[in-house]
Amino acid sequence: MIVSWMTTNRCNLKCAHCYQDADECDSRELSTEEARTMISQIARAGFKIMIFSGGEPLMRDDIFDLVAHAASCGLRPVFGSNGTLITPEIARKLKEAGACAMGISIDSLDAEKHDIFRGVPGAHAATLAGIEACKSVGLPFQIHTTVVDRNRNEICDITRFAKELGAMNHSVFFLVPVGRGKDISDESIDVEQNEQLLADILRAGRDAGIEVKPTCAPQFMRIAEQIGVQTRYTRGCLAGLTYCVVGSEGIVRACAYMTEDAGDVRKQPFDEIWRESPVFQKLRTQAYKGACGTCDYKGVCGGCRARAAYYHDGDILGQDNYCAWSRKNAQQAAASERQ
């Protein structure tokens, strides 16, 4: 099981797609002691992997202490970072604290395009320097890429570049229009392009010899089966089943792109929230509506619950409209009815 903690709202970049609209430190953010208590509760709930995300997690002064505490609780600490603040000294301290891997974002092989997307000149060069810092101390890393229309033709090249860099994985995030992502919602690739890109990156990962993990595109499980690409994953959308997030202020949600609150760790222990929250209980019924409820791939895909909620007035069990397979089946059904 995996939990992602948005450690802080503070960030040194101004990314166009940021779901958290990260910028300045929020006065409501968990204190060191509150965070330590929560981490202990997360371990008690049976979670195995804890992602330190943000904002930019390296902007928390207590980050090394919190990573060490997570490791001492038996969690596997990993990061979601823009990589620009990682120096050899920071990388060494992270590894010594118990960090197991760094997820570092690269959204274009073109430095100027990456910097525009990330909102700060020089971000691309600083990110590559951060990767080299990780390599210098033997701290494993993976590459994260958010795909929109402006960079969709680069994604497979970034997969191959990730392999050349020595990354352990290439995680490709498909835009969900929340936070600042609403401002670039018109850059979301359409459903058919989404289908083709998923097939392309799965093949690119297989051919390059690097694991590829599409995120917020659970249809990749179906597509992998249909095109004969092996994957170690067993399900697409994990929200509320084996995954959840905690905001910087302690609010628990099923995923970073869902707005439905499952609980507040300042008011209720995390392990109780995970076990008892009505939001999680509802998701665990897997009683999906529309095409998601009748799909042959319901068990391995599940549809993107965040998109279902976004496009169906908050209905977390609604149909994920961002699926070429359900669209094709709907068209075939309509054609049969007309005959």
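Computed from a predicted structure; not experimentally measured. Hydrogens, waters and symmetry mates are skipped; everything else that's a heavy atom, side chains included, is used.
A distance of 6.0 Å separates CE of Met221 from OG1 of Thr234, quoted to the nearest 0.5 Å. If you take OH on Tyr257 and SG on Cys304, they are separated by 9.0 Å, rounding to the nearest 0.5 Å. In this structure, Arg28 CZ and Asp264 CG are separated by 10.0 Å, a value rounded to the nearest 0.5 Å. Residue Glu225 holds its CD atom at 12.5 Å from CG of Leu202, rounded to the nearest 0.5 Å. Phe220 contributes atom CZ, which lies 7.5 Å from atom OG1 of Thr215 (distance to the nearest 0.5 angstrom). The structure places CG of Asp110 at 9.0 Å from CG of Asp115, a figure rounded to the nearest 0.5 Å.
By the 6.0 Å contact criterion, CG on Asp190 is enclosed, its count of non-hydrogen atoms from other residues, nucleotides or ligands being greater than 12. When the shell of 6.0 Å around CD of Glu89 is examined, it contains more than 12 heavy atoms from other residues, nucleotides or ligands.
Scanning all heavy atoms of the two residues, the minimum distance from Phe79 to Leu94 falls at CZ-CD2, 3.6 Å. In this structure, Ala309 and Ile316 approach most closely via the heavy-atom pair CB-CG2, 4.0 Å. Residues Ala123 and Leu13 come closest through the heavy atom pair CB-CD2, 4.2 Å. The two residues Pro77 and Phe52 have their closest heavy-atom pair at CB-CE1, 3.8 Å. Of all heavy-atom pairs spanning Pro214 and Leu198, the tightest one is CB-CD2, 3.6 Å. Closest of all the heavy-atom pairs between Arg284 and Gly240 is NE-O, 2.8 Å.
In this structure the side chain of Thr145 reaches within 4.5 angstrom of the side chain of Asn151, judged on heavy atoms. The shortest distance between side-chain heavy atoms of Ile201 and Val147 does not fall below 4.5 Å. No side-chain heavy atom of His170 sits less than 4.5 Å from a side-chain heavy atom of Phe161. In this structure, the side chains of Phe280 and Val252 come closer than 4.5 Å at one or more pairs of heavy atoms. No side-chain heavy atom of Gln142 sits under 4.5 Å from any side-chain heavy atom of Lys213. With contacts defined as side-chain heavy-atom distances shorter than 4.5 Å, the pair Pro269/Arg44 qualifies.
Note on Ile116 and Leu109: separate hydrophobic clusters, where clusters join Ile, Leu, Val, Met, Phe, Trp and Tyr whose side-chain heavy atoms are under 4.5 Å apart, directly or indirectly. In the hydrophobic cluster analysis, where Ile, Leu, Val, Met, Phe, Trp and Tyr join through side-chain heavy atoms closer than 4.5 angstrom, Val246 is grouped together with Met59. Follow the hydrophobic side-chain contacts under 4.5 Å out from Leu165 and you never reach Met168; the two are in separate clusters. Cluster annotation: Trp5 is connected to Leu85 through the hydrophobic network of ILVMFWY side chains, with a link wherever side-chain heavy atoms come within less than 4.5 Å. Ile251 and Tyr243 fall into different hydrophobic clusters, where Ile, Leu, Val, Met, Phe, Trp and Tyr residues are linked whenever their side-chain heavy atoms come under 4.5 Å apart, directly or through other members.
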Is there a side-chain contact (heavy atoms from CB on, under 4.5 Å) between Asn9 and Glu249 once you walk through the steps?
CA-CA 9 Å; Asn9 196 60; Glu249 77 286 29; over 6 Å; no
As a quick check of understanding, evaluate side-chain contact (heavy atoms from CB on, under 4.5 Å) for His114 and Thr127, giving each step before the final call.
CA-CA 10 Å; His114 175 92; Thr127 294; 4.0 Å; yes
Determine, stepwise, if the pair Asp107 / Arg150 fulfils side-chain contact (heavy atoms from CB on, under 4.5 Å).
CA-CA 10 Å; Asp107 295 306; Arg150 73 178 83 175; over 6 Å; no
With side chain to side chain donor-acceptor pair (under 3.5 Å) as the test, would you mind laying out the steps for Gln219 and Asp320 before giving the verdict?
CA-CA 10 Å; Gln219 295 82 10; Asp320 178 2; 2.8 Å; yes
Please assess Val3 against Leu75 for the test side-chain contact (heavy atoms from CB on, under 4.5 Å), listing each intermediate value before the final yes or no.
CA-CA 10 Å; Val3 61; Leu75 292 164; 5.7 Å; no
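Side chain to side chain, Asn169 and Glu211 meet the donor-acceptor criterion of an N or O pair below 3.5 Å. Of the N and O atoms on the side chains of Thr84 and Asn12, at least one donor lies less than 3.5 Å from an acceptor on the other residue. Residues Ser81 and Glu56 bring a donor and an acceptor atom of their side chains to less than 3.5 Å of each other.
Aromatic ring orientation, Trp325 versus Tyr297: perpendicular (interplanar angle above 60°, classes split at 30° and 60°).
The backbone N or O of Gly318 lies less than 3.5 Å from a partner atom in the side chain of Arg305, making a donor-acceptor pair. Using modelled atom types, no side-chain atom of Arg253 and backbone atom of Cys255 make a donor-acceptor pair closer than 3.5 Å. Put simply, the side chain of Arg307 gets close to the backbone of Cys216: a donor and an acceptor are under 3.5 Å apart. The closest donor-acceptor contact from the side chain of Arg152 to the backbone of Leu197 lies at 3.5 Å or more, if one exists at all. A donor-acceptor pair under 3.5 Å links the side-chain atoms of His69 to the main chain of Arg36, judged by distance alone.
Between Lys93 and Glu96 no salt bridge is recorded (no basic side-chain N to carboxylate O distance below 4.0 Å). Salt-bridge check for Glu195 with Arg222: passed, with a basic side-chain N closer than 4.0 Å to an acidic carboxylate O.
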